Amino acid sequence: MKLSNTALLQSGYFINNEWHTTGKKFPVYNPANGETLIQVSDAGVQEAEAAVAAAEKAFVTWSVLPAKERAAILKKWFSLIVQHTDDLALLLTSEQGKPLEEAKGEVQYGASFIEWFAEEARRVYGDVIPSPMTDRRFVTIKQPVGVVSAITPWNFPIAMITRKIAPALAVGCTVVLKPAEDTPLCALALAVLAKEAGIPAGVFNVLPTMQAVEVGKVLTTHPVVQKVSFTGSTEVGRILMQQAASTVKKMSLELGGNAPAIVFEDADIEKAVKGTLASKYRNAGQTCVCANRVLVQRSIYPAFMEAYTKAVAALMVGNGVDKDVKIGPLINQDAIDKVERLMQDALNKGAEVLLGGKKAAAGELFYEPTIITKCTAEMDLSHEEIFGPVSAVYIFDTVEDAIQLANATEYGLAAYFFATDIAKIWRIAEQLQYGIIGINEGIISFAEVPFGGIKQSGFGKEGSMYGVDDYLIVKYMCIGI
Ligand code: SIN
């Protein structure tokens with residue numbers, strides 16, 4: 001990995017704008033070839049407590065800085081990230097595996113949250129509430145909640161960090177970040193640029209760690225931490241929620257998904273193929289909003305499947321740094337094992353392989369772009385996130401069947417559907433029990449819109465004008481006159 005700015009490659013932990021090292025280290029691998037990229041310091045409980053203390057101290061001054069000044073610093077951070085797009089993308093592809101073009105897209109997407117929330121920082125308004133009394137007046141103000149802990153996943157090692165950190169910092173909170181152990185390097189590079197942008201000491205602290213359970217416990221139970229923001233599995237989210245309950249912390253949870261992509265008989269086939277492909281195979285199928293189930297109405301099934309199979313077969317598998325590659329490796333051996341387990345279970349229960357269906361020749365962690373048909377609700381992949389490049393296809397007959405099938409899950413993050421009848425589009429969008437709906441479109445994430453699920457996909461909205469709410473308290477003042 002050859003970075004133009006070698007200072008972006010860090011291996012320590014970051015507290016108070018200083019780099020520290022621990023005796024204990026852990027390797028960060030390139031999932032495309034298994035090479036060790038670097039050994040990183042393994043921050044533990046003591047370091048987590050020091051980071052919280054630094055964030056607590058920094059909150060005193062950062063929280064009272066005028067929003068305009070915080071915004072100016074965040075804008076500088078945004079510019080530095082954009083300026084270093086090529087290096088950050090290379091770092092991202094090297095530790096996470098996604099194709100370089102997708103990684104560049106993620107750098108821009110990640111930076112866009114910083115720009116957006118720098119702008120939103122100046123619009124955190126309170127209210128004047130009409131009083132029913134002659135001798136009392138009511139106002140509300142919004143204030144930063146305090147020290148925030150952010151626990152982020154490996155599938156978007158930049159954007160899932162900035163989507164949490166930017167609103168927190170913008171409104172005056174300070175942050176301790178624990179990035180995923182598979183992908184700490186992007187987080188550390190963001191810290192380098194945050195410091196360069198002028199974010200003061202203690203405002204943003206980063207703890208790479210292999211001790212996820214122990215460090216996670218500090219970040220969810222420490223009495224100083226006022227808010228926990230987590231993106232990851234529903235299973236881990238439940239544990240963190242229990243831990244955070246002990247000190248009644250504010251929380252946002254962006255958890256698992258089980259997105260249906262529904263192709264109705266009146267769909268524009270070209271749009272349905274493009275949208276389903278984009279949603280399913282982005283990041284080799286490793287996003288929480290990836291189409292997990294492709295539901296196709298019987299009458300359009302032959303035409304859709306012919307075009308879809310052709311498009312999936314054209315996806316090139318390989319190391320993300322190589323030209324034209326569209327499908328990189330999965331993140332680690334557990335991810336490959338999971339895809340193989342779900343495939344085997346589906347095949348045992350009657351599914352048929354239309355395309356792919358096995359590990360790819362490109363290396364240990366690669367899986368072929370796959371389509372399986374004859375899927376049913378009894379199969380494990382109907383209830384679990386596949387998190388791999390596998391389209392599980394189901395046939396349905398009526399609109400009611402499709403809605404019933406789509407909603408038959410504990411998850412409620414994203415759903416997609418393809419149709420042209422406008423009245424039907426409204427009705428279906430209203431009936432789908434999901435927080436995000438893509439209609440004739442497979443790419444739905446932007447800084448300007450609210451990202452977040454319902455049911456066991458969690459709660460809280462990231463991005464958009466709502467994204468600051470989770471980092472604010474509303475204070476009501478009653479003034480006697
Ligand atoms: C995720 O997989 O959780 C994030 C995907 C996105 O932001 O589009």
Side-chain angles (χ1 to χ4, degrees), residues 92 96-99 101-117 150-167 177 179-180 182-183 186-187 190 229-237 240 251-261 275-293 327-328 330-331 335 338 384-390 411-416 434-439 441-464 466-467 470:
L92 203 167
Q96 198 277 335
K98 68 180 62 173
E101 279 313 305
E102 252 188 88
K104 284 184 189 167
E106 183 182 337
V107 176
Q108 301 298 320
Y109 176 47
S112 74
F113 289 106
I114 301 178
E115 184 184 42
W116 171 261
F117 285 111
I151 303 178
T152 54
W154 50 262
N155 59 347
F156 288 83
I158 289 182
M160 294 307 99
I161 292 176
T162 55
R163 194 155 77 182
K164 296 180 189 309
I165 306 302
L177 167 69
D182 286 308
T183 56
C186 286
L190 287 177
S229 182
F230 169 69
T231 295
S233 70
T234 296
E235 200 186 346
V236 174
L240 298 183
M251 288 198 98
S252 331
L253 297 174
E254 297 295 350
L255 307 177
N258 183 2
T276 309
L277 190 82
S279 161
K280 176 69 250 183
Y281 293 96
R282 175 179 175 220
N283 199 12
Q286 303 173 104
T287 87
C288 303
V289 290
C290 271
N292 207 53
R293 297 168 291 157
I327 303 287
L330 299 193
I331 188 69
K338 180 177 185 188
E384 288 182 47
E385 287 184 293
I386 302 171
F387 250 61
V390 176
Y411 296 109
L413 184 54
Y416 308 84
Y434 290 86
I436 302 167
I437 312 280
I439 303 163
E441 181 55 65
I443 298 295
I444 38 67
S445 307
F446 301 93
E448 294 80 358
V449 297
F451 188 101
I454 58 172
K455 294 162 80 176
Q456 294 192 40
S457 288
F459 47 82
K461 295 291 176 195
E462 297 193 322
S464 81
Y466 304 109
D470 278 347

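The figures here come from the full heavy-atom set of this structure, side chains too, leaving out hydrogens, waters and symmetry mates. In listed order, ligands and their atoms are each counted from 1. Only a predicted model underlies this, so the values are computations on that prediction, with no experimental measurement involved.
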Nearest non-hydrogen protein atom, atom 6 (C) of ligand 1 | Ser445 OG, 3.4 Å
Are any of the N/O atoms in Cys288 less than 3.5 Å from those in ligand 1?
-> yes
Atom 7 (O) of ligand 1: of Phe387, Phe156, Tyr109, the nearest heavy atom sits on Tyr109
Over all atoms of both residues, closest heavy-atom pair of Ile327 and Ala284 | CG2-CB, 4.0 Å
Quick check: does any side chain N or O of Asn292 sit under 3.5 Å from a backbone N or O of Ile386, one acting as donor and the other as acceptor?
-> yes
Between CD1 of Ile165 and CZ of Phe113, what distance do you get to the nearest 0.5 Å?
-> 12.5 Å
Test item, Met160 contacting ligand 1 (heavy atom, 4.0 angstrom) | yes
With a distance cut-off below 6.0 Å to the six-membered ring centre and an angular limit of 45° from the axis, does Lys98 pair with Phe156 as a cation-pi contact?
-> yes
Ligand-residue contact atoms, ligand 1 with Thr287, heavy atoms, under 4.0 Å | 2 (O)
Using a strict cut-off of 4.0 Å, indicate which atoms of ligand 1 neighbour a heavy atom of Arg282.
-> 6 (C), 8 (O)
Please say whether Arg163 places an N or O atom under 3.5 Å from an N or O atom belonging to ligand 1.
-> yes
Side chain, backbone, both or neither: the part of Ile444 lying under 4.0 Å from ligand 1 by heavy atom = neither
Which heavy-atom pair separates Lys338 from Glu385 by the least distance, and what is that distance?
-> NZ-O, 2.7 Å
Which atom names give the shortest non-hydrogen contact between Leu177 and Ala187, and what distance separates them?
-> CD2-CB, 3.9 Å
